[in-house]
**Student:** 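Could you have a look at this structure, given as structure tokens, before my questions?
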2 protein chains.
Amino acid sequence: MKFEALTIKDIAKALGLSISTVSKALRGSHEISEETKQAVLRYAREHNYKPNPIAQSLKRGQSRSIGVIVCNIDNNFFSQVINGIESIAQNRGYNVIITQSQESYEKEVSNSDHLSSRSVDGLIISLSAETQHMDHLVKLHEKGLPIVFFDRITDEIRTHRIVANNYKGAYEATKHLLQQGCRRIAHVTSSGSLSITRERLEGYKQALADAGVTADDRLIKFCPHGGMIREETQQALTELLQLPERPDAIFTASDRLSTTTLSLLQAMRIPIPCEIALVGYTNSISAEIFNPSLTSVVQPALEMGKLATEMLLSLIESRRPVTHFEKRILDTELQIRESSQKSRC
Amino acid sequence: MKFEALTIKDIAKALGLSISTVSKALRGSHEISEETKQAVLRYAREHNYKPNPIAQSLKRGQSRSIGVIVCNIDNNFFSQVINGIESIAQNRGYNVIITQSQESYEKEVSNSDHLSSRSVDGLIISLSAETQHMDHLVKLHEKGLPIVFFDRITDEIRTHRIVANNYKGAYEATKHLLQQGCRRIAHVTSSGSLSITRERLEGYKQALADAGVTADDRLIKFCPHGGMIREETQQALTELLQLPERPDAIFTASDRLSTTTLSLLQAMRIPIPCEIALVGYTNSISAEIFNPSLTSVVQPALEMGKLATEMLLSLIESRRPVTHFEKRILDTELQIRESSQKSRC
DNA sequence: TTTTTTTACGAAAACGATTGCGGGCAAAGA
DNA sequence: TCTTTGCCCGCAATCGTTTTCGTAAAAAAA
């Protein structure tokens, strides 16, 4: 089953012109008389001619599509980023091909391979939690594929990067908890190999240090799968609660970790914030109706997606090799809600 | 900036063969001697040859990509469906191009036009809330573009459709509320033009009828934008609460409506479920940590995405025109939580 | 009128892959 | 020795566009 569409050749035949004349007329070439142009344009309009994008791609050597690799679409942060990507790409005439790594290194490799062989013109990627080395991306980048990183970035590849200010976001979240009187603040975070994990950890530690609170490594728990596996988070929490001195607050470093932690604490019937205060990174639009409503570090996801796309398109459409790369750092917002307000206890 | 990939021509030159021989060898044609085949295959493997999919598309007249139109990716139901679509498409070698209608008819038309201008082999779509007529889709369908509908479907186009059992889902939700002792059950739903709205309304009404409760039209509120506009829902709730006899329960018919309603009721400090019980359609993974945890009608979103994709691919890959179309109806699940349990009041 | 310049268009070669068909060549049969 | 039969392989057309280059005719300059 296929459907035959009008081609440039049909127009040529219908109007008694040559293929090249029609092509030029459609593209408004000055070589074609105004008269002929109008005739062609009119015919094309009336018969709803649409150039075959595949033929154009082949000819031009580019596909006008960009690939996206995120760990999981079913997550408000990433779906909002994609929203941003889509909005820019759409009105610049690019298609967006989305793939998910599900936090798996293997899937990330196969997705990037697949996308590049499907000849996308560029790639926007946020690394998977498992990813330790970048060979697969380095290879593509060296071949000339434009890449833009966001959120979980690397500095092994010289290109544009766009991130939220993870350090500051974590610093403020931790500081907020300290201001609430918390002193044993646990940090539940993703894989230690991720840039976001390191930066947020830094911010957390610095806030503690600035408040004269000594950090306790037992209060820091890594979840290598970033909360995709509930048991992993469960295990982390159990360990935290079995410490001789229980934490009086938890700061979770990702969307999934935050909701899972909240859910687990609820299941364990631990009063939030009275026994344990909670602040989490999340872009969930429902954070305010959580029980309790969740104090959140919110990332400008839409904006990040838009920026990443603009940067990628500037790379793709640049005539000369780009040598100057930017790292854009956007501010997060701390939305204070019930889950952290010890004062109400 | 582009990167040159190895072509069939390069292989031919390197091995002193003709282009056609190489092509045939790669495709395992019987016309080519075993010896030559091995040589070509080995060279291709060693130099990581990947056929240019664009050239193949042009030749074959298909792109091996499918288009998806949903109203909004930033919504657990749709992101889960997409998850399903992606998983099937991926391992059948198809790319997925996702677009969002944002519940706008205009955007839906432009998206479908854009996708269909021969860049996709088929379309999976859930109609926007604004969509009243199908001309844009009928046109494409008549031209031969395979289309599969899911969730918000139409019967103006003869093709495969896949939906949850909306009637039954709504019936059970309403019945559950009735069993909790509720008698004035309001129904807050989307645009009346959507199939899901009509079916869920039916189920709701029938459950009332079966319980001998007379329906009250004042208790039924339509939100033409499906909750995308908070004020719309706000307005509906305000009207409900100003009725001489207030509702003692609300049944919301979509993801966004459910969370918005919960949020608004909270803001108005109306105790749930004691004053008003709440049951909502939602696929939010966080429904259990809402305040109160939300009794939900959950749709098999992942499954729906998978099925829709399998059906679409069968249409695309069918050799002869398909004349028999299916409407698959999947069961929903009622997850009972606090928001509806009057017994605990 | 002759020569030069414009104008307006067409022929053809790409882009990378697929495929029907024709033909060279060796082995086998006459 | 000459013809026949396969086996392998290359030629060339094709998918729909874009683009370079060549060239007739018309217009301008001589």
Side-chain angles (χ1 to χ4, degrees), chain A residues 2-41 43-44 47-65 93 116-121 143-144, chain B residues 2-41 43-44 47-65 93 116-121 143-144:
Chain A
K2 64 186 57 175
F3 67 109
E4 315 295 338
L6 192 69
T7 75
I8 228 173
K9 191 192 283 180
D10 301 322
I11 302 185
K13 205 175 296 169
L15 265 48
L17 293 169
S18 82
I19 293 181
S20 40
T21 304
V22 174
S23 172
K24 287 174 197 165
L26 288 171
R27 320 204 79 241
S29 162
H30 62 278
E31 300 185 25
I32 306 299
S33 70
E34 203 52 43
E35 219 177 351
T36 315
K37 270 188 205 169
Q38 288 311 321
V40 172
L41 254 19
Y43 189 93
H47 294 73
N48 192 32
Y49 166 77
K50 296 264 181 63
N52 181 329
I54 296 182
Q56 287 182 317
S57 291
L58 181 58
K59 189 65 198 167
R60 297 208 186 112
Q62 49 160 343
S63 62
R64 285 197 90 73
S65 67
S116 77
S117 78
R118 286 299 241 169
S119 54
V120 294
D121 294 341
K143 272 198 200 164
Chain B
K2 65 186 57 173
F3 69 109
E4 314 296 337
L6 192 68
T7 76
I8 225 174
K9 191 192 285 181
D10 301 324
I11 303 186
K13 205 176 298 169
L15 265 48
L17 293 169
S18 81
I19 293 180
S20 42
T21 304
V22 174
S23 172
K24 286 171 190 165
L26 287 170
R27 318 205 80 241
S29 162
H30 62 279
E31 299 186 30
I32 306 299
S33 71
E34 202 52 43
E35 218 177 354
T36 316
K37 270 187 203 168
Q38 288 311 321
V40 171
L41 253 20
Y43 189 94
H47 295 73
N48 192 31
Y49 167 78
K50 297 265 181 59
N52 180 330
I54 295 185
Q56 286 181 318
S57 291
L58 181 59
K59 187 71 192 146
R60 298 210 187 109
Q62 48 160 344
S63 63
R64 286 195 89 72
S65 66
S116 79
S117 47
R118 272 168 314 179
S119 56
V120 295
D121 295 340
K143 275 198 199 165

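Computed from a prediction, not measured in an experiment: that's the story for all the values here. Every chain is numbered from 1, with letters handed out A, B, ... down the list of sequences.
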**Student:** Sequence neighbours left out, what passes side-chain hydrogen bond (donor to acceptor under 3.5 Å, both in side chains) with B:S65? Give chain and number order.
**Tutor:** B:S63
**Student:** Let me know the distance between CZ of A:R64 and P of D:dT17, rounded to the nearest Å.
**Tutor:** 16 Å
**Student:** Rounded to whole Å, how long is the line connecting atom CD of A:E34 with atom C1' of C:dC9?
**Tutor:** 15 Å
**Student:** Roughly how far apart are B:L15 CG and B:T36 OG1, rounded to 0.5 Å?
**Tutor:** 9.0 Å
**Student:** For A:L17, which contact category applies under a 4.0 Å heavy-atom criterion: base, sugar-phosphate, or nothing?
**Tutor:** sugar-phosphate
**Student:** Once side-chain hydrogen bond (donor to acceptor under 3.5 Å, both in side chains) is applied, do any residues pair with B:K37, and if so which ones, sequence neighbours excluded?
**Tutor:** none
**Student:** Rounded to whole Å, how long is the line connecting atom CD1 of B:I32 with atom P of D:dG6?
**Tutor:** 19 Å
**Student:** Going by the rule side-chain hydrogen bond (donor to acceptor under 3.5 Å, both in side chains), which residues pair with A:E34 if we only count those two or more places apart in sequence or in a different chain?
**Tutor:** A:Q38
**Student:** Just the rounded figure in Å: distance from C1' of C:dC9 to NZ of A:K37.
**Tutor:** 13 Å
**Student:** Taking five pairs at each end, how big is the angle between the two axes of the helix from C:dT1-D:dA30 to C:dA30-D:dT1, to 10°?
**Tutor:** 80°
**Student:** I'd like to check B:V40 versus B:L17 (side-chain heavy atoms, cut-off strictly below 4.5 Å). Are they in contact?
**Tutor:** yes
**Student:** Could you tell me whether B:S29 contacts a base, only the sugar-phosphate backbone, or nothing, with contacts defined as non-hydrogen atoms closer than 4.0 Å?
**Tutor:** nothing
**Student:** Going 5' to 3' along nucleotides 17-23 of chain C, which nucleotides have protein heavy atoms under 4.0 Å from the base (write B), which only from the sugar-phosphate (write S), and which from neither (write -)?
**Tutor:** BBBBB--
**Student:** For A:T21, which residues count as a side-chain hydrogen bond (donor to acceptor under 3.5 Å, both in side chains) partner, sequence neighbours excluded?
**Tutor:** A:S18
**Student:** Base, sugar-phosphate, or nothing for B:S57, non-hydrogen atoms under 4.0 angstrom?
**Tutor:** nothing
**Student:** Any pair with a residue in residues 17-29 of chain A that passes salt bridge (Lys or Arg N to Asp or Glu O under 4.0 Å), sequence neighbours left out, goes on the list, sorted by first then second residue, please.
**Tutor:** A:K24-A:E31
**Student:** Would one find a side-chain N or O of B:S33 under 4.0 angstrom from OP1 or OP2 of D:dC9?
**Tutor:** yes
**Student:** Provide the full list of salt bridge (Lys or Arg N to Asp or Glu O under 4.0 Å) pairs with a residue in residues 9-20 of chain B, sequence neighbours left out, each pair given once.
**Tutor:** none
**Student:** Please list, chain by chain and in numerical order, all residues satisfying ring-ring contact (aromatic ring centres under 6.0 Å, His included) with B:Y43, sequence neighbours excluded.
**Tutor:** B:H47
